[in-house]
Amino acid sequence: MRTKRLFVLITVLALSIVLTACAQTNQATETQSTTDANITTRVIEHAMGSTEIKGEPKRIVILTNEGTEALLELGVKPVGAVKSWTGNPWYSHIEKDMEGVENLGDESQVNIEAIAALSPDLIIGNKMRHEKIYDQLSQIAPTVYSNTLRGEWKENFSFYASVLGKEEEGQEVIKKFDDRAAELSKLAGDKLKTEVSIVRFMAGKTRIYLGDTFSGKILKQIGFARPASQQSEAFTNEIGKERLKEADGQVMFYFTYETGNGEGTAREKEWIEDPMFKTLEVVKNNKVYRVDDAIWNTAGGVRAANLMLDDIEKFLKSNKF
């Protein structure tokens with residue numbers, strides 16, 4: 001009899017343990033289902049189609065220089081980014097905020113294996129730069145692309161803000177920039193009539209920068225005039241010394257793309273010291289100013305845009321226009 005009672009007791013205890021475990025399992029499943037139901041899903045329309053993004057991405061990879069600046073300005077630190085065109089590996093104006101960010105190679109030749117190793121939950125690229133690798137990137141993580149670069153930094157910034165679900169913050173950033181540009185326009189006054197030439201030296205090339213460029217768009221927004229030879233809304237004109245007169249203006253800003261091999265600097269020196277260059281009216285009037293290539297052109301992002309406004313304000317206040 002005692003043996004029978006013991007058996008019954010053991011059976012009851014075992015059954016109790018099984019039922020408790022089942023109840024806990026069901027509770028966990030219900031909690032997970034509730035959590036999944038609370039995850040927001042957004043469909044982002046972009047240059048390559050549409051991409052579904054679940055929840056709030058935490059491990060973001062960015063594949064353009066201007067995109068890196070956009071993320072930082074919106075308070076988002078990427079886990080990986082393409083290196084700055086100049087710098088080691090970041091531009092000096094962003095390097096403090098990029099500590100610990102993985103260098104993913106050049107913007108025009110990204111390291112796909114390094115991207116995959118980061119296990120990102122969102123990749124942001126650009127059709128102009130990365131169209132051919134879109135399918136590969138999409139297999140790693142949800143991937144969205146802006147369309148083009150050059151002078152489109154504000155449009156791209158708004159796109160990135162939308163992708164991150166930070167539209168309001170993005171609108172405020174652009175508003176502050178626009179307001180400041182308007183203030184500089186008032187500060188300039190009649191100096192807006194000054195015809196501003198933009199020239200860039202790089203290894204083996206000299207270019208005039210036109211309307212569809214980073215600096216060209218910003219100067220146009222403020223309201224500065226451009227020389228007749230530079231009023232096109234195209235990207236750039238590459239010139240030889242026989243076309244040097246096209247670089248003339250009432251004020252010239254020039255910048256040099258130097259990667260460290262000395263070739264860009266050598267090109268600048270050759271042209272600046274050429275007797276033909278010294279025949280330009282802008283040179284005779286001592287209105288030629290060297291500015292930072294990263295700020296006025298290469299970085300191409302929101303932080304560089306604001307730093308360019310800083311430069312213009314300094315030039316205006318020092319009566320260099």
Side-chain angles (χ1 to χ4, degrees), residues 42-54 57-72 74 76 78-87 89-91 94 98 101-164 200 202-205 207 209-210 212-214 217 233-236 238 257 259 261 264 293-294 297-302 304:
R42 296 178 297 133
V43 176
I44 303 296
E45 301 293 333
H46 58 97
M48 298 296 291
S50 61
T51 297
E52 185 178 272
I53 298 177
K54 293 182 179 179
K58 300 295 184 183
R59 298 182 59 79
I60 300 173
V61 159
I62 181 71
L63 302 181
T64 61
N65 279 217
E66 47 96 43
T68 299
E69 293 199 7
L71 265 61
L72 293 177
L74 292 166
V76 175
V79 294
V82 290
K83 69 184 293 293
S84 299
W85 289 110
T86 56
W90 317 116
Y91 299 120
I94 64 169
M98 294 295 283
V101 176
E102 185 74 16
N103 173 3
L104 299 175
D106 290 335
E107 185 174 301
S108 56
Q109 191 172 3
V110 301
N111 187 330
I112 297 176
E113 291 77 14
I115 294 173
L118 289 173
S119 300
D121 48 23
L122 176 64
I123 300 171
I124 303 175
N126 178 275
K127 184 177 180 180
M128 181 178 173
R129 288 279 191 255
H130 313 116
E131 182 174 9
K132 292 181 180 180
I133 59 172
Y134 177 75
D135 290 340
Q136 291 174 271
L137 295 176
S138 295
Q139 292 174 12
I140 298 171
T143 301
V144 299
Y145 276 10
S146 53
N147 186 48
T148 188
L149 295 167
R150 297 177 175 172
E152 307 304 320
W153 73 270
K154 286 208 288 189
E155 293 83 351
N156 287 352
F157 179 84
S158 296
F159 171 71
Y160 302 139
S162 176
V163 170
L164 298 173
R200 189 190 197 202
M202 50 202 305
K205 297 178 182 179
R207 288 177 172 174
Y209 274 55
L210 305 173
D212 189 21
T213 58
F214 181 73
K217 285 279 182 82
E233 290 302 309
F235 180 49
T236 64
E238 188 170 330
Y257 181 61
T259 61
N261 61 12
D293 180 82
N297 182 71
T298 313
V302 61

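All residue numbers in this chain count up from 1 along the given sequence.
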What do the steps show when you test Y257 against T298 for side-chain hydrogen bond (donor to acceptor under 3.5 Å, both in side chains), and what is the final call?
CA-CA 8 Å; Y257 181 61; T298 313; over 6 Å; no
So, for Y160 and A70, which heavy atoms are closest and what is the spacing to 0.1 Å?
CD1-CB, 3.5 Å
Counting distance only, does the side-chain N/O of T143 pair as donor-acceptor with the main-chain N or O of A141 below 3.5 Å?
yes
First locate atom NE2 of H46, then atom NZ of K127, and finally report the distance between them rounded to the nearest 0.5 Å.
11.0 Å
Is a side-chain N or O of D121 found less than 3.5 angstrom from the main chain of R59, in a donor-acceptor match?
yes
K154 meets the side chain to side chain donor-acceptor pair (under 3.5 Å) criterion, sequence neighbours left out, with D178, Q221
Between the side chain of T68 and the main-chain N/O of T64, is any donor-acceptor distance below 3.5 Å?
yes
What one should report as the nearest heavy-atom pair of W90 and A81 is CH2-O, 3.7 Å
Can you say whether the rings of Y134 and Y145 are parallel (under 30°), tilted (30 to 60°) or perpendicular (over 60°)?
perpendicular
Give a yes or no answer on whether the side chain of N156 reaches the backbone of T148 with a donor-acceptor pair at less than 3.5 Å.
yes
Are the side chain of R150 and the backbone of A234 linked by a donor-acceptor contact shorter than 3.5 Å?
no
Side chain of E69, backbone of A304: donor and acceptor closer than 3.5 Å?
yes
Which pairs would a plain distance check flag for residues 103-120, meaning a side-chain donor or acceptor within less than 3.5 Å of a matching protein atom at least two apart in sequence or in another chain?
unit_1	atom_1	unit_2	atom_2	d
N103	OD1	G105	N	2.9
E107	OE1	N65	N	2.7
E107	OE1	N65	ND2	3.1
E107	OE2	R129	NE	2.7
E107	OE2	R129	NH2	3.4
N111	OD1	E113	N	3.2
N111	OD1	A114	N	2.9

